[in-house]
Number of protein chains: 2
Amino acid sequence: MPRISIREVAMRAGVSVGTVSNVLNRPNLVAEATRERVQAAIGELGFVRNESARQLRQGRSRTLGVVLESMANPYFTDVARGAEAAMNTDGFDALWCTSDGSVAKERRCLDFLEEQHVSGVVITPVGLDQGRVAELHDRGLAVVLLDRRTQGGVCSIRVDHVAGGEIALGHLLDRHHRRVAFVTGPLRPGPVQDRYTGAVSAARRAGLGESAMTTLVHREMTPTAGKEAARRLLDLDPLPTGVFCANDLLAIGLVNELLRKGVKVPAEICVVGYDDIELATAAAVPLTTVRQPRHELGWSAATLAMAEASAPEEHEHRQVVLSPALVVRESA
Amino acid sequence: MPRISIREVAMRAGVSVGTVSNVLNRPNLVAEATRERVQAAIGELGFVRNESARQLRQGRSRTLGVVLESMANPYFTDVARGAEAAMNTDGFDALWCTSDGSVAKERRCLDFLEEQHVSGVVITPVGLDQGRVAELHDRGLAVVLLDRRTQGGVCSIRVDHVAGGEIALGHLLDRHHRRVAFVTGPLRPGPVQDRYTGAVSAARRAGLGESAMTTLVHREMTPTAGKEAARRLLDLDPLPTGVFCANDLLAIGLVNELLRKGVKVPAEICVVGYDDIELATAAAVPLTTVRQPRHELGWSAATLAMAEASAPEEHEHRQVVLSPALVVRESA
DNA sequence: CAAAGATCATGAATCGTTTCAAGCCACGCT
DNA sequence: AGCGTGGCTTGAAACGATTCATGATCTTTG
């Protein structure tokens, strides 16, 4: 099956290739009769524009790369949908990659995106050093960092997780819990660390001693890890009465396991989550949690990237910080 | 910033463009000294291959499109990871799209993939008619249908959901439940309908009358819908003692809401889910469910697509059917 | 020593599109 | 009649990589 190019279309419609291209890209320049003839030829032959050729010629591409940390966490997929929505309204396409938290895979993603000539990248960086950012930037790519602090030079959009941590632990303290625990994944610099910092600061402000807050670190932030966390938690003596989990998946696993062990939530132990994913509402005990504006996060990130990609000259880098908010349900 | 092309590299290394291309693609044809000089130039200039130009020239592309129904359901993301793993081992790249169950968006995805010149498509079709499949096929694309029956002409890989439905309801019947319910999303032809068919057939075989199984249809298959389903379920009179949910998310929402209403699972009502997502293990009541080989599903689909894409001539279309299996935990 | 290989390097042609200077034509105006 | 104008169309030159017939240089061999 021979591939149909603009050439065949031109032949069939009895016009030049230039005219076909005009029909495709600037239809108003073409006389109506001609336009219709060309459209017809396109339909009959089943012509599909070759995006590679188009990009090659144009230099730029209306495509953005998005590198997410994982698809397993609904938080990320919600962010992704926000980004996708923004791109669709502006006629951009997205190339999705997941780094799965691995530096090597992240590098592979970026290489792939660069070869694909995306005009910008939205990324939740795992092992991304300033050097690589600068490199991408030098090559003319718009770069937007998601949920990572930056010291200028790039656009970034993040949620104030220190505030989030304060809100979460603050809520427990307001309810007079005096022995608390923080359940988390690896404390790498970034969102998770910030939540910890916020929690610590809230504890300190409430006059709690160092030892009043136990931190349980797990390798992952999954429901399964939450389940394990519940077991470790129950071994603690004295038993904390308030638990702040670094994300909702952890919290859900933890609450479920506590219930199974006969520990009542919130009567005996209160739990606060983080993210406010859909499942938080439908959980066994509807989860009190800290809502992140996930959709907006994705949307704004994509919008910033598109703006920079479309007009790199007059673009000024912005660091957007969004605020989290407490959602009180039943678990605390 | 001028983009670095093979030309600049050639100049810098003091060789011709052809040689640089050889270093990139057939390094063994190039003398070691030259090769090293070129590699050095590539490094110094930060050259990145322009994939558009490459594809344009080569005609083919080592890229596969994957169109999934949704990113919100962990089931799909697990399938996706299986597919990605297979592609990575064979040096293929993936372009991800989600149709979100919308026919229009599905069409947009396919248009996008075709313009990107992918060499094959793995798809969970929503509104895909035979015509569109044939069209893609005519244009030389390898097509693999995921989780959809086909009458030859294309590769497909699916799970035997009729068997799955039978297993699920069969399990409830084996445990002597005589009033049962099937909770589901829209009964469109496909996996969901098949599960229903399986359930009905199991019921019939056990000699249950038509009215012994109530079917509750919801618009979505989310935990939130499961929550609603619980409310509707409790209105039923007589109350079913066994419930089969068309996926785990529904089941989880349903179980959680039942617990909240003080209904004991499995003591008063037994629940069987479908999919065996990670959350099934960590649920409030660990879920008895029907496991699908998700990873294998994705892996095999990608493998089939790559095989067809690499050697279209000698390729024979295959219809693979995988078997689901019951995983007994605590909910039933 | 001439001829035949072997080994590498070259550079022009090519992929399918966009872009743009140039051309054509019909029309109205002076 | 001559000229300008506006509306449409044309065709050739890019874009950056790959490919391949050709050539250059060096080795081997009878």
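All values below come from the heavy atoms of this structure, side chains included, with hydrogens, waters and symmetry mates left out. Residue numbering restarts at 1 for every chain, and letters A, B, ... go by the order of the sequence lines.
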Peer 1: Which heavy-atom pair separates A:Leu141 from A:Glu308 by the least distance, and what is that distance?
Peer 2: O-OE2, 4.3 Å

Peer 1: Please tell me which of A:Arg54 and B:Gly14 maps to the more 5' nucleotide of DNA chain C, matching each residue to the nucleotide holding its nearest heavy atom.
Peer 2: B:Gly14

Peer 1: Surrounding CZ of B:Arg107 (heavy atoms of other residues, nucleotides or ligands, distance under 6.0 Å), is the total greater than 12?
Peer 2: no

Peer 1: Quick one: A:Arg57 CZ to D:dA12 P, roughly how many Å, whole number?
Peer 2: 15 Å

Peer 1: Between A:Glu115 (CD) and D:dG16 (P), how many Å, whole number?
Peer 2: 16 Å

Peer 1: Below 4.5 Å, heavy atoms only, C-beta onward: do A:Leu64 and A:Val118 meet side chain to side chain?
Peer 2: no

Peer 1: Measuring to OP1 and OP2 of D:dC15, would you say a side-chain N or O of B:Arg7 lies under 4.0 angstrom away?
Peer 2: no

Peer 1: Could you state the atom-to-atom distance from CD1 of B:Ile42 to C1' of D:dA17 in whole Å?
Peer 2: 13 Å

Peer 1: What integer distance in Å separates B:Gln58:CD from C:dC15:P?
Peer 2: 14 Å

Peer 1: Look at all strands and tell whether B:Ser52 reaches a base, only sugar-phosphate, or nothing, counting heavy atoms closer than 4.0 Å.
Peer 2: nothing

Peer 1: In this structure, how many angstroms lie between the P atom of D:dT19 and the CD1 atom of B:Ile6, rounded?
Peer 2: 11 Å

Peer 1: Please tell me whether B:Ser99 and B:Glu106 have a donor and an acceptor in their side chains that are separated by less than 3.5 angstrom.
Peer 2: no

Peer 1: Among D:dT10, D:dA17, D:dG16, find the nucleotide with the atom closest to the side chain of A:Val15.
Peer 2: D:dT10

Peer 1: So that I can tick it off, tell me whether A:Glu114 and A:Arg132 are bridged by a salt bridge, with the cut-off set at under 4.0 angstrom between side-chain N and carboxylate O.
Peer 2: yes

Peer 1: Can you tell me if B:Arg318 has over 12 outside heavy atoms packed within less than 6.0 Å of its CZ?
Peer 2: no

Peer 1: Strictly below 4.0 Å: does A:Thr34 bring a side-chain N or O up to OP1 or OP2 of D:dC8?
Peer 2: no

Peer 1: With a 4.0 Å heavy-atom cut-off, tell me which residues in residues 18-28 of chain A come close to DNA chain C, sorted by residue number.
Peer 2: A:Gly18, A:Ser21, A:Asn25, A:Arg26

Peer 1: Identify each donor-acceptor pair in which a side-chain atom of residues 70-80 of chain A lies under 3.5 Å from a protein atom, sequence neighbours left out, and give them as a table.
Peer 2:
residue : atom : partner  : partner atom : Å
A:Ser70 : OG   : A:Ala72  : N            : 2.8
A:Asn73 : OD1  : A:Tyr75  : N            : 2.9
A:Tyr75 : OH   : A:Asp147 : OD2          : 3.1
A:Thr77 : OG1  : A:Pro74  : O            : 2.9
A:Asp78 : OD2  : A:Arg294 : NH1          : 2.3

Peer 1: Could you tell me the separation between the CG atom of B:Asn50 and the P atom of C:dT17, rounded to a whole number of Å?
Peer 2: 16 Å

Peer 1: Just how far, in rounded Å, is P of C:dT17 from CZ of A:Arg62?
Peer 2: 19 Å

Peer 1: To the nearest Å, how far apart are B:Gln116 CD and C:dG16 C1'?
Peer 2: 14 Å

